[in-house]
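Residue numbers start from 1 in every chain, and the chains themselves are labelled A, B, ... in the order their sequence lines are given, proteins ahead of strands.
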2 protein chains.
Amino acid sequence: MSKTTIQDIARVAGVSKSTVSRVLNGTAAVNPEKKKAVLEAIDRLGFKPNLIASSLAGGRSMTIGVVTQLIGSPFYDTIAQGVVAELHETDYSPIFADGQWQATEELEAIQALMGRRVDGLVLIGGSLPGDEISDLCGDLPTVIVARQFSGRGNICISMDNELGSYQLTKHLIDKGHRKIAVVRGLEHHRDATDRFDGYQRALRDNGIGLDSRLVYQGDFSAESGMAAVDNLLAEKVEFTAVVAANDLTAFGVRLALHHHNVAVPEQVSIVGFDDQLETSFTIPPLTTLRQPAREMGSQASKALLEMIAGNNFSSKVFQGELVLRESVAEIAR
Amino acid sequence: MSKTTIQDIARVAGVSKSTVSRVLNGTAAVNPEKKKAVLEAIDRLGFKPNLIASSLAGGRSMTIGVVTQLIGSPFYDTIAQGVVAELHETDYSPIFADGQWQATEELEAIQALMGRRVDGLVLIGGSLPGDEISDLCGDLPTVIVARQFSGRGNICISMDNELGSYQLTKHLIDKGHRKIAVVRGLEHHRDATDRFDGYQRALRDNGIGLDSRLVYQGDFSAESGMAAVDNLLAEKVEFTAVVAANDLTAFGVRLALHHHNVAVPEQVSIVGFDDQLETSFTIPPLTTLRQPAREMGSQASKALLEMIAGNNFSSKVFQGELVLRESVAEIAR
DNA sequence: GTGCTCCTTGAAACCGATTTCATGGTAGCG
DNA sequence: CGCTACCATGAAATCGGTTTCAAGGAGCAC
């Protein structure tokens with residue numbers, strides 16, 4: 001551990017601490033010769049400034065708090081990656097705390113990060129009410145990713161889930177499908193309800209009535225996709241396509257259909273949501289809606305840095321991109 | 001931002017800073033009444049100690065540096081999750097820096113973390129030579145995950161890749177396969193070479209010669225799995241099974257076979273490596289080797305905390321677990 | 001009642017930087 | 001040549017805690 005301090009450098013270079021600090025931060029002009037002496041001393045002693053001390057003195061910690069919800073979801077993981085990657089170029093370091101999709105945990109996580117005097121906060125997902133977040137964070141720059149908010153004064157980087165689901169459903173309708181089953185995501189989860197809304201709007205816009213027998217309440221898991229299919233088949237409900245809550249659920253749907261010897265896409269078409277890495281390699285490759293997860297993460301970091309710099313930044317809603325692959329077939333009407 | 005300091009609490013409670021500090025940390029006995037007064041003041045003013053100041057004064061930052069290699073690999077991500085989850089219960093917070101699988105970046109990442117005076121370091125993967133790590137970190141407690149080391153005095157939490165691959169290959173042999181193709185992982189990557197070694201040993205132990213036409217140099221991607229199959233088929237090399245470098249590669253293999261109308265597992269069996277979430281839902285569900293990624297991560301945190309506490313801890317090599325699903329068929333000899 | 005120890009407590013030093021402030025020196029200008 | 005203005009520089013205060021140290025008080029034994 002480099003125990004050398006700014007004081008040591010000052011002594012070796014024959015200047016004062018103040019001067020060393022000025023060289024380090026370029027806060028003021030210094031005599032070129034002294035500057036050289038300082039730099040040499042730094043190099044020779046292998047000095048690394050103690051960021052903790054500098055945080056305390058400077059009032060800025062150069063850290064960004066990131067609150068995750070540690071469910072091994074590729075989507076959220078990718079967002080986190082984007083956040084970290086974007087910060088990588090800067091002098092800020094991300095410091096993590098986890099909320100586990102539970103309000104109390106999330107609150108603790110935020111408080112822990114604030115105790116560390118982070119300069120900004122990125123919340124990825126989460127279940128804490130918007131206003132509570134505002135109260136908690138006060139004037140601490142805060143960005144919320146993958147979540148849309150009605151709360152006051154928060155910046156959100158989110159996805160238009162309703163539209164995405166609308167597009168997917170519309171795509172199926174355009175291909176001639178009218179008996180379209182849906183596997184919903186986690187109950188009360190905003191993303192899930194938005195997607196379901198998009199599904200409904202697409203049906204409505206095309207004069208197709210909502211058939212409750214085609215709606216299955218899932219939870220974003222593959223298992224719920226399988227259960228949905230088992231259920232549909234057991235009940236002998238006719239359907240030619242399935243809108244899955246996300247890709248993982250679509251995997252489950254697809255596997256269950258396989259078990260029941262239903263051909264995809266010949267007999268039943270499937271669409272997912274997310275476009276996670278594996279979807280291009282399933283059989284058949286899955287038609288889905290790409291969420292720009294990594295980009296959302298890096299956008300969140302960018303927004304936060306702007307806010308910290310004192311600039312304005314407004315919320316951004318991303319639109320997904322329909323990725324057509326082979327899991328949807330056209331059918332005769 | 002709570003601007004209240006320990007000084008404010010002291011004033012309100014009518015005691016000295018020292019006493020407040022003692023109440024906060026329980027470092028010494030305090031008069032119950034004063035203690036009560038202090039606690040009340042803390043509660044009333046909503047005081048949260050400034051961890052930065054306390055780090056500086058206390059000499060410990062209560063922070064753990066985690067060096068990742070930001071490739072969106074589910075395996076490494078899961079390890080990171082394990083690390084974070086385990087730390088969640090403690091007063092330590094993980095702070096991230098990324099190495100991008102490049103030695104120079106990794107070096108910078110480590111230095112940045114040391115500048116933050118982390119109390120310990122977890123390296124997930126990485127390419128920096130072991131001795132260099134030792135030099136760099138000195139006596140800073142350090143744990144390396146998902147990597148085996150010859151370097152001196154480092155603690156490693158790793159997987160026996162050679163054995164895992166041996167078991168998978170052996171399983172195929174037991175099922176009657178003798179023409180077993182292999183798609184290797186990234187060149188020069190230790191995990192990849194270990195796995196290839198395991199493959200070779202299994203063949204050797206069972207009197208099967210190594211046929212270089214059955215060996216394809218991949219890179220852990222799904223694309224390389226597809227390319228391998230295309231190649232094998234184009235060259236008209238006979239094979240009845242494929243050992244893929246990891247699950248993702250196996251997905252590629254499986255898709256390419258599908259495109260060529262080769263039935264899995266009837267005509268060709270496949271085994272993967274990792275047991276990532278999606279593998280149980282592919283068609284057919286993939287036989288693979290489960291890596292206890294999350295557990296490795298949490299084990300790493302545990303080890304690190306022990307080391308920080310001054311206790312000894314030795315390296316640990318995990319063994320994977322063969323997960324039998326439906327992608328392997330028995331064939332007549 | 002005196003002397004001693006033990007315990008609680010506050011004052012002050014300290015952690016390692018940044019930043020303010022005062023000073024001496026130099027340059028510019030009349 | 002003298003005055004002001006400015007620049008570079010170091011001393012000292014500061015950030016918000018922890019920890020050492022010495023002192024005051026209580027408790028106990030004689």
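Along DNA chain D, the nucleotide closest to B/Ala57 and the one closest to A/Ser16 are compared, and the more 5′ of them pairs with A/Ser16. Heavy-atom nearest nucleotides on DNA chain C were determined for B/Gly14 and for B/Ala53, and the one closer to the 5' end corresponds to B/Gly14.
Sorted by first and then second residue, the pairs that involve residues 69-91 of chain A and meet ring pair (Phe, Tyr, Trp, His ring centres under 6.0 Å), not counting sequence neighbours, are A/Tyr76-A/Trp101.
Checked by atom type and distance alone, the side chain of A/Ser61 pairs as donor or acceptor with a backbone atom of A/Arg117 at under 3.5 Å. In this structure, A/Gln276 contributes its side chain and A/Pro74 its backbone to no donor-acceptor pair below 3.5 Å. Judged purely by atom type and a 3.5 angstrom limit, B/Asp98 uses its side chain to pair as donor or acceptor with the backbone of B/Leu70. For the pair A/Glu86 (side chain) and A/Ala300 (backbone), a donor-acceptor distance under 3.5 Å is absent. Between the side chain of A/Gln69 and the backbone N or O of A/Gln100 there is at least one donor-acceptor pair closer than 3.5 Å. Put simply, the side chain of A/Ser18 never gets that close to the backbone of A/Ser16: no donor and acceptor are under 3.5 Å apart. Put simply, the side chain of B/Ser73 never gets that close to the backbone of B/Ile71: no donor and acceptor are under 3.5 Å apart. Side-chain atoms of A/Asp194 never come within 3.5 Å of backbone atoms of A/Asp191 as a donor-acceptor pair (strictly under, hydrogens ignored).
Side-chain contact between B/Tyr92 and B/Asp119: present, with at least one pair of heavy atoms (C-beta onward) separated by less than 4.5 Å.
Minimum interatomic distance between B/Val118 and B/Thr63 (heavy atoms only, all atoms of both residues): CG1-CG2, 3.2 Å.
Here chain B contacts DNA chain C (any atom closer than 4.0 Å to a heavy atom, that is under 4.0 Å), and the contacts span C/dT8 to C/dG16 from 5' to 3'. Close approach of DNA chain D to chain A, defined as any atom under 4.0 Å from a non-hydrogen atom of the protein, starts and stops at D/dA8 to D/dG16.
Between the axis at the start and the axis at the end of the helix from C/dG1-D/dC30 to C/dG30-D/dC1 there is an angle of 50°, using five pairs per end and rounding to 10 degrees.
Using a 4.0 Å cut-off on heavy atoms, the residues of residues 17-26 of chain B that approach DNA chain D are B/Lys17, B/Ser18, B/Ser21, B/Arg22, B/Asn25, listed by number.
With sequence neighbours excluded, the residues satisfying salt bridge (charged side-chain N to carboxylate O under 4.0 Å, His left out) with A/Glu40 are A/Lys36.
In this structure, CD1 in B/Ile64 is found 6.0 Å from CG in B/Leu305, a value given to the nearest 0.5 Å.
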